[in-house]
Every structure is written in C-alpha cells, then in structure tokens.
Number of protein chains: 2
Amino acid sequence: MQEPNTKRSRQREKIFQVLRRTRSHPTAEWIFKEVRQDVPKISLGTVYRNLSVLRRQGRILELDFGEGIRRYDAVIQPHYHFVCSRCGSVCDIDVPPLNVVTEQARTVIPGIVDSHRLDYIGTCNTCLEHS
Amino acid sequence: MQEPNTKRSRQREKIFQVLRRTRSHPTAEWIFKEVRQDVPKISLGTVYRNLSVLRRQGRILELDFGEGIRRYDAVIQPHYHFVCSRCGSVCDIDVPPLNVVTEQARTVIPGIVDSHRLDYIGTCNTCLEHS
DNA sequence: ATACATGCAAATCATTTGCGCAGTC
DNA sequence: GACTGCGCAAATGATTTGCATGTAT
C-alpha cells in the first residue's frame, strides 16, 4: 500500500478517510471543504495532489461523467454506476460485473481489452418525485 | 432537423461535414484546424458554439473519456467504444447494443433508466506493435 | 428589417505547478 | 539530515461568453 517515494501525511490520510465515509462520489472541491473542517489550513492544491497520489497507489478511483468535473470513489472493486441526467447524482449499482460482455467484444476489438466501464443514464427517484 | 431560432451557416455545415468524414472521434481543436483549411477566418469559439448547437439538435454526440478533453462523434446510433489507455485513441465497436444489460439492471436501479454507455478499455493493436 | 451567427478577446473554471518552508523517516 | 509534502499563488488548458459587426431569411 506504501508507494516508493511516499511518506505518510495527515492531510492525505484525512482525504482518504473522508472519501471512504461517503457514497456520493464527490468532487475535489467537496472533499476540500469537508477536510478543511479538521485541517483548516489545507489548500485545494494539496487535495488535488493527494487525490492523484491515492489514485496512483490504487487506493481510490477517479471517475468522469462528462460534466467537465472529476469525481472520486473509494470503492475500488469493479462496479457500475447509475447517473441521473437531471440532477447529476451518481450511485453505485449492485449488479455483478459481466465478464460475458467483455468476452463477446474481445473478438471484435482491434487490441487487448483490460476492463470495461458501464454507466446507466436516467432519472433518479428523487428527481421523479419532484416533478 | 432545423431547430427553432436556428439559421443555416457555412461554418456550421462545414464543421458537421468534417465530423462526418472522420472516424477518429476528434477534439474541438482538431476540428478547428481541419475546418480552417476551408474557412481560414473561423475562430475556435465558433467551433465550440456550433458543436454545442449540433449536439442540441441531436446531429452529433459529445463524448468524454475522462481525459479532460471533449470528443465528438457524428455516428449517433447507439454504439460502444474501445479506448486505448496508452495512446488515447477511440474506436467504434461493432457489437449490437445489449438491451439485456439494461433490463437486468432496471430492477436494481433507484430510478428510470433511459440508456447506458459501455466503454472497453485496453491497448490497441498499433500500440501493441510498437512495444 | 430582424433575428441569429461570427470573429475576436477577455473571462471562467477545474486542475496543475513552482517555490520556499515544514514535517516525516 | 535528506527527502517528501504543504500552503500559497501563479500558470495552464479547455471551454464559455460579451460585444460589435456580418449574414441569412
């Protein structure tokens, strides 16, 4: 878990803890505000730098749903997402990843497939109620 | 195909043609350079504005593979993509979209699913040869 | 004539980076 | 003590926007 050339730091561990405690796939800005409550002098740059380190260490995932904002996830087991196109919320989907899908495509794909990513797009229950 | 409050323009049609002629899922910058050969005075802002219009008209798709750059595609029929994690190239996958995938998830998802998006991630043949 | 579209430049917004100081091993 | 990480502020890079002018209908 410890990368070469990597020391431990209060800021980094706090960032990781904050991310573990939420299921909301937050942005760097959100994490920054959250961590600042415990570490008031932390800077946004530090948050970005550490999110980068954590991703390189494989401790977190970096997600992107095409909004031009990056989101982060401490759940690193392969899983799919449901994205609400109305409010932008993202939630984890409890369906076992389908290796079949990858197998079927391997034959057609001009290269080697390592993994796949599946997003469901729709409208979440909260938004449905409010309409 | 004609949206209300939308006139025809040489720039917009040219941008659309350029996008139709390629299978490379280009960025706005690439489209800009391409269109500039025919319309030398076109500005990058115009390219962005028109890509936006074309997307709202449903004539093109806006894609995002988490590189922080937006890509565009004139193939609007639902289809999947193969992304090379080494060189970043993107290619269309000729596998019929699996409604099954969506059906299976509907039961678990807290909302209404409109569509899904599937990306295969791996290494393309070109990169495999060069290594 | 009346919108709508353009070119240009400046503004925005998320993210990255250079620097001198501080914390960890 | 050597090296890594921090806070700060400035830089970057993609995309957006305001404005005066040009163009399609």
Side-chain angles (χ1 to χ4, degrees), chain A residues 1-19 24-57 59-73 88 90, chain B residues 1-19 24-57 59-73 88 90:
Chain A
M1 200 62 67
Q2 187 82 342
E3 203 183 37
N5 301 343
T6 297
K7 290 177 186 172
R8 187 166 285 274
S9 92
R10 192 158 86 88
Q11 286 84 339
R12 177 151 56 240
E13 290 316 310
K14 190 69 202 172
I15 288 167
F16 185 57
Q17 282 169 33
V18 163
L19 199 49
S24 70
H25 309 80
T27 63
E29 193 76 41
W30 187 94
I31 296 168
F32 171 57
K33 282 176 185 152
E34 207 60 22
V35 173
R36 196 158 49 167
Q37 296 181 10
D38 272 275
V39 192
K41 305 205 69 174
I42 198 173
S43 74
L44 190 50
T46 297
V47 173
Y48 276 109
R49 253 188 305 240
N50 278 309
L51 287 170
S52 240
V53 172
L54 289 168
R55 180 181 45 91
R56 257 179 277 126
Q57 295 180 332
R59 298 214 271 163
I60 66 171
L61 292 180
E62 203 174 75
L63 305 171
D64 195 313
F65 298 99
E67 320 146 284
I69 309 173
R70 229 159 257 171
R71 292 167 174 281
Y72 297 88
D73 194 345
V90 177
Chain B
M1 201 61 66
Q2 187 82 345
E3 203 185 37
N5 303 342
T6 298
K7 290 177 187 173
R8 186 166 284 274
S9 91
R10 192 157 86 89
Q11 286 84 338
R12 178 150 56 241
E13 291 315 310
K14 190 68 202 170
I15 287 167
F16 184 57
Q17 281 168 34
V18 163
L19 199 48
S24 70
H25 308 79
T27 63
E29 194 75 41
W30 187 93
I31 295 168
F32 172 57
K33 282 176 185 151
E34 207 61 21
V35 172
R36 197 159 47 167
Q37 296 181 10
D38 272 274
V39 191
K41 306 205 68 175
I42 197 173
S43 74
L44 191 50
T46 297
V47 173
Y48 276 109
R49 254 188 306 240
N50 278 309
L51 287 170
S52 240
V53 172
L54 290 167
R55 179 181 46 92
R56 256 179 280 125
Q57 293 180 333
R59 298 213 272 163
I60 66 172
L61 292 181
E62 202 174 75
L63 306 172
D64 195 311
F65 297 99
E67 321 147 284
I69 309 173
R70 230 158 257 171
R71 292 168 174 281
Y72 297 87
D73 193 345
V90 176

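Letters A, B, ... are given to chains in the order of the sequence lines, protein chains preceding strands, and every chain is numbered from 1. The figures that follow rest on heavy atoms only: side chains count, while hydrogens, waters and symmetry mates do not.
- Map B:Arg12 and A:Gly45 each onto its nearest nucleotide of DNA chain C; the residue landing nearer the 5' end is B:Arg12.
- In terms of phosphate contacts, B:Gln11 brings no side-chain nitrogen or oxygen within less than 4.0 Å of OP1 or OP2 of D:dT23.
- Note: CD (B:Glu13) to P (D:dT23) measures 17 Å, nearest angstrom.
- Side-chain N/O atoms of A:Arg49 and base N/O atoms of D:dG7 include a donor-acceptor pair closer than 3.5 Å.
- One atom, CG of B:Leu51, and another, C1' of C:dT6, lie 15 Å apart when rounded to the nearest Å.
- Closest approach of A:Arg10 and A:Asp38 over heavy atoms only: NH1-O, 4.1 Å.
- C:dT17 atom C1' lies 15 Å from atom CG of A:Asn50, rounded to whole Å.
- When the P atom of C:dG23 is taken as reference, atom CD1 of A:Ile42 falls 14 Å away, rounded to whole Å.
- Between A:Tyr48 and A:Ile31, the closest side-chain pair of non-hydrogen atoms is not below 4.5 Å.
- A donor-acceptor pair is defined here as one N or O able to donate and one able to accept, closer than 3.5 Å; such a pair exists between the side chain of B:Arg71 and the backbone of B:His25.
- Two residues are said to be in side-chain contact when any heavy atoms from C-beta on lie closer than 4.5 Å; B:Val90 and B:Phe65 meet this criterion.
- Atom CZ of A:Phe32 is separated from atom P of D:dC6 by 13 Å (rounded to the nearest Å).
- Rounded to the nearest 0.5 Å, atoms CD (B:Glu13) and CD (B:Gln11) are 10.5 Å apart.
- Dashed line: the shortest gap from a side-chain N or O of A:Ser43 to OP1 or OP2 of D:dA9 is not under 4.0 Å.
- Listed by first and then second residue, the salt bridge (charged side-chain N to carboxylate O under 4.0 Å, His left out) pairs involving residues 25-34 of chain B amount to none (not counting sequence neighbours).
- Take B:Arg12 and apply the side-chain contact (heavy atoms from CB on, under 4.5 Å) test, not counting sequence neighbours, and it matches B:Thr6, B:Ser9, B:Asn50, B:Val53, B:Leu54, B:Arg59.
- The side chain of A:Thr6 lies closest to D:dG5, out of D:dC8, C:dC8, D:dG5.
- Using a 4.0 Å heavy-atom criterion, one finds that A:Thr46 contacts the bases of the nucleic acid, with or without backbone contacts as well.
- Comparing the axis of the opening five pairs of the helix from C:dA1-D:dT25 to C:dC25-D:dG1 with that of the closing five pairs yields an angle of 30°, rounded to 10°.
- The salt bridge (Lys or Arg N to Asp or Glu O under 4.0 Å) test applied to A:Arg36 returns no partner, not counting sequence neighbours.
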What's the verdict on side chain to side chain contact (heavy atoms under 4.5 Å, CB included) for B:Phe32 and B:Ile42, showing C-alpha distance, side-chain angles and the deciding distance?
CA-CA 8 Å; B:Phe32 172 57; B:Ile42 197 173; 4.0 Å; yes
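- Note: CG (B:Leu54) to P (C:dC4) measures 17 Å, nearest angstrom.
- The two atoms that bring B:Ile15 and B:Thr46 nearest to each other are CD1-O, 4.3 Å, heavy atoms only.
- B:Leu51 and B:Ala28 get closest at one heavy-atom pair: CD1-CB, 3.9 Å.
- Side-chain contact between B:Phe16 and B:Ile60 is present, with at least one heavy-atom pair separated by less than 4.5 Å.
- Atom CZ in A:Phe16 sits roughly 18 Å away from atom C1' in D:dG5 (whole-Å rounding).
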Short heteroatom pairs, N/O only, protein and nucleotides 13-15 of chain C, under 3.5 Å:
{"from": "C:dT15", "atom 1": "OP1", "to": "A:Arg70", "atom 2": "N", "distance (Å)": "2.8"}
{"from": "C:dT15", "atom 1": "OP2", "to": "A:Tyr48", "atom 2": "OH", "distance (Å)": "2.3"}
{"from": "C:dT15", "atom 1": "O5'", "to": "A:Tyr48", "atom 2": "OH", "distance (Å)": "3.3"}

Could you go over nucleotides 1-3 of chain C and give all protein N or O partners under 3.5 Å, atom names and distances?
{"from": "C:dA3", "atom 1": "N3", "to": "B:Lys7", "atom 2": "NZ", "distance (Å)": "2.4"}

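- Between the P atom of C:dT24 and the CZ atom of A:Arg10 lies a distance of 9 Å, rounded to the nearest Å.
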